[in-house]
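Just so we're on the same page: letters track the sequence lines, and every chain starts at 1. What you see below is based on every heavy atom in this structure, not just the backbone, and it leaves out hydrogens, waters and symmetry mates. All values reported here derive from a predicted model rather than from experimental measurement.
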Amino acid sequence: MSTEEEQIQQRRANLAELERLGVNPYPHRFERTAAVTELVAAHGDKTGTDLEAHKVETITSGRVLGIRNFGKASFLVLSDGRSRIQAYIKKDSLSERDFGIFKLVDFGDVVGVEGHLFRTRTNELTIWARRVEFLAKCHLPMPEKWHGLTDVEIRYRQRYLDLAVNPEAREVFQVRSRVLAALRQFLDSRGYLEVETPMMQPIAGGAMARPFKTHHNALDVDLFLRIAPELYLKRLVVGGLERVYEINRNFRNEGISTRHNPEFTMLEFYQAYSDYQDLMTMTEEMVPFVAMSATGRDTFEIDGDTISLRAPFARLSLRHAAAAAASTTLGAPVTESELRDQASARTIAGRLGIAVDPKSGAGKITTTIFETLVEESLVQPTFVYDFPTEVSPLSKQRPDDPDTVERFELYIGKMEIANAFSELNDPVEQRKRFEQQLAERAKGDQEAHAMDEDYVRALEYGLPPTAGEGVGVDRLVMLLTNSKSIRDVILFPHMKTKN
RNA sequence: GACCGGGUAGCUCAGUGGUAGAGCAGUGCACUUUUAAUGCACGGGCCGCGGGUUCAAUCCCCGCCCCGGUCACCA
């Protein structure tokens with residue numbers, strides 16, 4: 001009696017026996033007065049004497065994650081997914097019916113218990129049960145009580161099991177929920193309007209990435225799952241929604257890694273009459289606010305490093321940092337102006353042993369050098385600013401330097417967390433940039449930006465000076481929960497189908 | 001996509017070219033304040049899938065599937 005099938009049959013036999021006793025194993029309602037977590041929060045610090053002096057009656061419920069049996073008395077461990085409390089099941093204290101129910105309870109079943117709180121000899125907060133109700137059957141054998149469920153494949157594919165037995169998994173998603181709430185609170189309080197823009201788009205724009213393709217049958221048109229909401233949000237700013245944000249999924253048809261899921265959650269927000277400097281300041285306020293709201297802390301341990309999210313964040317010019325890192329690596333001076341020239345930039349990349357596409361321009365090469373040499377060192381929050389125009393087709397150029405745009409990325413814990421810029425609002429220049437991207441695409445760059453005529457038309461009506469930012473919500477949650485993989489902060493990460 | 005590691009009982013893991021192991025979980029008995037309860041007894045396996053080598057494969061070889069990690073691509 002112990003293959004999985006046999007254990008299932010044993011559990012079903014217990015279910016049938018309950019029904020034979022006239023117990024409905026799937027009752028429609030159970031009126032409880034407190035969840036387990038609420039009980040523990042409200043009474044976890046009370047002594048046995050307190051509980052005798054002021055009796056606390058309760059009706060609660062949860063999944064049975066432990067049964068310790070002593071014949072005529074037992075302990076049932078109940079969990080609501082966050083906290084656990086035990087119930088003392090004493091034969092003398094229960095009706096014959098309820099003790100009969102208890103005897104048919106299997107590990108994993110959902111039960112309700114009524115009784116008063118006390119502390120056992122070992123000082124454990126316990127419900128002295130006088131009523132037991134059966135609420136739902138667990139037909140399948142549960143993971144082990146001591147080691148629990150650690151197999152990451154099962155944890156991701158059967159997240160319900162992970163959440164049921166691993167309170168720390170639940171905690172990650174509590175934090176995630178609070179992060180989303182805090183982001184909304186932060187933006188709402190600054191007069192932002194939350195909006196929703198298309199997830200299915202005829203042109204996948206707003207980022208450099210390969211999209212997923214889908215098809216609308218009735219219209220017989222191909223559509224793309226969005227890679228970013230950016231171009232739609234800026235259309236709204238044209239329309240006079242001066243502060244908008246959207247928190248929703250983006251889809252990118254690329255490799256999967258500890259930092260990439262094919263669908264991921266992005267916050268994008270746009271603020272008229274502002275520039276990227278304003279957004280740096282705002283980001284320095286937003287990140288610690290969200291951290292404090294969601295976790296109560298603004299310092300975090302990641303891989304042995306203590307990361308402080310307190311403002312001000314470090315600032316680093318991309319070209320300057322790339323030149324400095326290249327100089328150090330090569331042991332010979334490399335200047336920013338050398339990195340602005342395609343031929344010399346390529347020579348430097350070659351000496352650094354960094355492979356670059358022969359078609360890449362100086363800006364792309366410089367960015368690659370930066371990502372290869374500098375990114376790994378950006379542990380503390382750092383704004384990397386002033387990107388090459390070539391790699392930023394939607395950003396506004398610096399007035400004093402057309403090869404550089406007013407753009408920054410925020411790195412924390414070696415991860416890119418946010419990307420922001422002063423929005424390019426000159427339709428003539430925007431059309432030119434799109435055309436350059438089309439040329440890149442013609443040369444084989446599948447991630448180059450597509451032309452979006454309607455977006456250019458929107459700019460032709462006049463986009464006020466605007467700054468916009470995208471924040472990778474999953475990565476922010478990783479940081480705040482010390483998660484090493486993005487899959488740990490996504491409830492149902494993408495998995496290959498298994499037969 | 002490439003490379004490395006992994007897949008053995010429901011769970012967590014050992015292991016070996018010759019009948020498959022432990023702990024927990026399960027079943028039975030005892031036990032009315034335990035908490036990884038305890039004690040005794042019992043059951044439980046397509047060793048990821050498919051080929052090959054061999055008298056014999058869970059183990060060696062080849063292919064495939066799934067998971068993880070690193071790299072590549074990206075946020």
Side-chain angles (χ1 to χ4, degrees), chain A residues 1-11 13-14 48 65-77 84-94 99 106-108 118-126 128 138-158 161 165-166 206-210 227-228 250-268 355 357 367-368 371-372 375 391 409-411 415-419 445-447 470-476 478 484-488 493 495-499:
Chain A
M1 182 68 84
S2 173
T3 62
E4 185 174 19
E5 194 52 43
E6 284 166 334
Q7 291 195 44
I8 291 168
Q9 278 169 19
Q10 180 61 40
R11 285 163 176 266
N14 285 344
L65 292 186
I67 304 174
R68 292 183 288 277
N69 210 308
F70 297 84
K72 295 190 177 64
S74 296
F75 292 92
L76 271 188
V77 179
R84 298 178 181 195
I85 196 167
Q86 67 174 6
Y88 179 51
I89 307 292
K90 190 181 168 186
K91 192 175 184 204
D92 303 347
S93 302
L94 291 166
F99 195 72
D106 286 309
F107 191 70
F118 76 109
R119 285 199 179 265
T120 61
R121 273 181 215 153
T122 49
N123 206 34
E124 173 97 1
L125 184 67
T126 306
W128 192 305
C138 176
H139 291 251
L140 303 173
M142 291 287 286
E144 194 214 329
K145 63 182 174 185
W146 181 237
H147 298 92
L149 180 68
T150 59
D151 183 315
V152 290
E153 185 170 357
I154 301 176
R155 289 186 46 228
Y156 298 152
R157 288 187 191 276
Q158 297 176 251
L161 255 195
V165 302
N166 292 326
M208 316 267 246
R210 295 169 67 180
I227 56 175
N250 288 347
F251 307 86
R252 298 190 185 175
N253 206 341
E254 283 147 10
I256 296 174
S257 78
T258 49
R259 291 176 301 283
H260 301 82
N261 196 59
E263 53 178 311
F264 63 100
T265 299
M266 182 92 122
L267 159 68
E268 282 200 18
D357 193 298
T367 307
T368 303
E371 287 168 354
T372 308
E375 218 175 88
V391 297
E409 289 183 348
L410 173 62
Y411 282 83
M415 282 190 298
E416 186 189 333
I417 298 290
N419 178 25
D445 184 350
Q446 291 180 286
E447 289 170 1
V471 176
V473 172
D474 311 278
R475 289 182 176 179
L476 185 58
M478 285 172 68
K484 286 168 186 58
S485 169
I486 197 169
R487 298 179 200 98
D488 291 323
M495 290 274 144
K496 287 193 187 176
T497 47
K498 203 175 178 182
N499 16 328

Out of rA36(B), rC11(B), rA72(B), minimum distance to the side chain of Ser257(A) belongs to rA72(B)
Rounded to whole Å, CH2 of Trp128(A) lies from P of rU34(B) at a distance of 12 Å
**Report entry** C1' gap between rG1(B) and rA9(B), integer Å
**Finding:** 36 Å
Closest of rG44(B), rC11(B), rC67(B) to the Glu144(A) side chain is rC11(B)
I'd like the C1' distance from rC3(B) over to rA72(B), given in whole Å.
11 Å
Rounding to 0.5 Å, atoms CG (Asn14(A)) and CD (Gln9(A)) come to a distance of 12.5 Å
When rounded to whole Å, the CD to P distance for the pair Gln7(A) and rG26(B) reads 7 Å
Counting the atoms with a prime plus P, OP1 and OP2 as sugar-phosphate, which does Asn69(A) contact under 4.0 Å by heavy atoms, base, sugar-phosphate, or nothing? base
So NZ of Lys484(A) and CE of Met478(A): to nearest 0.5 Å the spacing works out to 9.5 Å
| said: Whether the side chain of Arg252(A) engages the backbone of Ile227(A) through a donor-acceptor N/O pair (distance < 3.5 Å, no angle test) should be reported. | reply: yes
message = Students often get this wrong, so: under 4.0 angstrom with heavy atoms, is Met208(A) touching a base, only sugar-phosphate, or nothing?
response = sugar-phosphate
Residues Leu125(A) and Ile85(A): closest non-hydrogen pair is O-CG1, 3.8 Å
Separation of rU33(B) atom P from Ile89(A) atom CD1, nearest Å, is 14 Å
Write down the distance separating the C1' atoms in rC24(B) and rA36(B), rounded off to the nearest Å. 8 Å
Practice task
In whole angstrom, give me the gap between the P atoms of rA56(B) and rA14(B).
Solution key: 31 Å
Discussion item. By the 4.0 Å heavy-atom rule, please label Lys90(A) as base, sugar-phosphate, or nothing.
Written reply: base
How is Thr258(A) classified with respect to the nucleic acid when contacts are heavy atoms under 4.0 Å: base, sugar-phosphate, or nothing? sugar-phosphate
Nearest heavy-atom approach of Asp474(A) to Phe264(A) is OD2-CB, 3.3 Å
By the Watson-Crick or G-U definition, both distances under 3.5 Å, rC11(B) is matched with rG23(B)
Taken to the nearest whole Å, CD1/Ile227(A) to P/rA75(B) is 9 Å
query = For the side chain of Arg121(A) and the base of rU33(B), is some donor closer than 3.5 Å to an acceptor across the two?
reply = no
Exercise for the section: Determine the interatomic distance between P on rU16(B) and the same-named atom on rG6(B); round to the nearest Å. Expected result: 13 Å
query = When you compare rC61(B) with rG17(B), how far apart are their C1' atoms, in angstrom units rounded to a whole number?
reply = 13 Å
Which of rC13(B), rU32(B), rU33(B) is nearest the side chain of Thr150(A)? It is rC13(B)
Contact class for Arg487(A) (heavy atom, under 4.0 Å): base, sugar-phosphate, or nothing?
sugar-phosphate
Exercise for the section: Determine, answering yes or no, if Phe70(A) is stacked on rC31(B) under the 5.5 Å centre rule and the 30° plane rule. Expected result: no
RNA chain B nearest-nucleotide lookup for Asp92(A) and His147(A): closer to the 5′ end is His147(A)
Looking across every strand, which nucleic acid part, if any, lies under 4.0 Å from Glu447(A) by heavy atom: base, sugar-phosphate, or nothing? sugar-phosphate
query = What integer number of Å spans the P atoms of rG10(B) and rC46(B)?
reply = 7 Å
Of the candidates rG68(B), rU33(B), rU32(B), the side chain of Lys72(A) sits closest to rU32(B)
Rounding to 0.5 Å, atoms CD (Glu5(A)) and CD (Gln10(A)) come to a distance of 12.5 Å
Separation of rU33(B) atom C1' from Arg68(A) atom CZ, nearest Å, is 11 Å
Side-chain atoms of Ser485(A) come closest, of rU12(B), rG69(B), rU32(B), to rG69(B)
Mate of rG45(B) across any strand shown (Watson-Crick or G-U wobble, both atom pairs under 3.5 Å) is none
*asked:* Between rU34(B) and Thr120(A), counting only base atoms on the nucleotide and side-chain atoms on the residue, is there a donor-acceptor pair under 3.5 Å?
replied: yes
Worksheet item: Reckon Tyr156(A) touches a base, only the sugar-phosphate, or nothing at all at heavy-atom distances under 4.0 Å?
Response: sugar-phosphate
Between CD1 of Ile67(A) and C1' of rC31(B) the distance, given in whole Å, is 16 Å
So Asn250(A), base contact, sugar-phosphate only, or nothing? Heavy-atom distance under 4.0 Å. nothing
How would you label the contact of Gly148(A) with the nucleic acid (heavy atoms, under 4.0 Å): base, sugar-phosphate, or nothing? sugar-phosphate
Thr367(A) vs Glu371(A), test: side-chain contact (heavy atoms from CB on, under 4.5 Å). Steps then yes/no. CA-CA 6 Å; Thr367(A) 307; Glu371(A) 287 168 354; 3.7 Å; yes
rA75(B) -> Watson-Crick or G-U wobble partner, both distances under 3.5 Å, gives none
Margin query: Applying a 4.0 Å non-hydrogen cut-off, can you work out what Glu153(A) is touching in the nucleic acid: base, sugar-phosphate, or nothing?
Written below: sugar-phosphate
- Message: Students often get this wrong, so: under 4.0 angstrom with heavy atoms, is Met495(A) touching a base, only sugar-phosphate, or nothing?
- Response: sugar-phosphate
- For Arg210(A), which contact category applies under a 4.0 Å heavy-atom criterion: base, sugar-phosphate, or nothing? nothing
Tightest non-hydrogen contact, residues Ala355(A) and Thr368(A), listed as O-CG2, 4.5 Å
message = Just so I know, are the side chains of Gln7(A) and Asp106(A) near enough to count as touching, which here means a heavy-atom distance under 4.5 Å?
response = no
note: Gln158(A), atom CD; rC66(B), atom P; distance rounded to Å ~ 17 Å
### Query
Looking across every strand, which nucleic acid part, if any, lies under 4.0 Å from Glu416(A) by heavy atom: base, sugar-phosphate, or nothing?
sugar-phosphate
By the Watson-Crick or G-U definition, both distances under 3.5 Å, rC60(B) is matched with rG52(B)
Review point. Is the aromatic ring centre of Phe107(A) closer than 5.5 Å to the centre of the six-membered base ring of rA25(B), with the two planes inclined by less than 30°?
Key: no
Which part of the nucleic acid, if any, lies within reach of Asn261(A) when heavy atoms closer than 4.0 Å are counted: base, sugar-phosphate only, or nothing?
base
Picking from rU32(B), rA36(B), rC67(B), the nucleotide nearest the side-chain atoms of Arg157(A) would be rC67(B)
In Watson-Crick or G-U wobble terms, with both distances under 3.5 Å, the base opposite rU70(B) is rA2(B)
Rounded to whole Å, the CG-C1' distance (Leu149(A) to rC24(B)) equals 14 Å
Gln86(A)-Tyr88(A) side chain donor-acceptor pair, cut-off 3.5 Å: no
- Query: When the P atoms of rC4(B) and rC42(B) are considered, how many whole Å apart are they?
  - Reply: 46 Å
With the side chain defined as heavy atoms from C-beta on, Tyr88(A) is closest, among rU33(B), rG44(B), rA36(B), to rU33(B)
When both distances are under 3.5 Å in a Watson-Crick or G-U wobble arrangement, the nucleotide paired with rC40(B) is rG28(B)
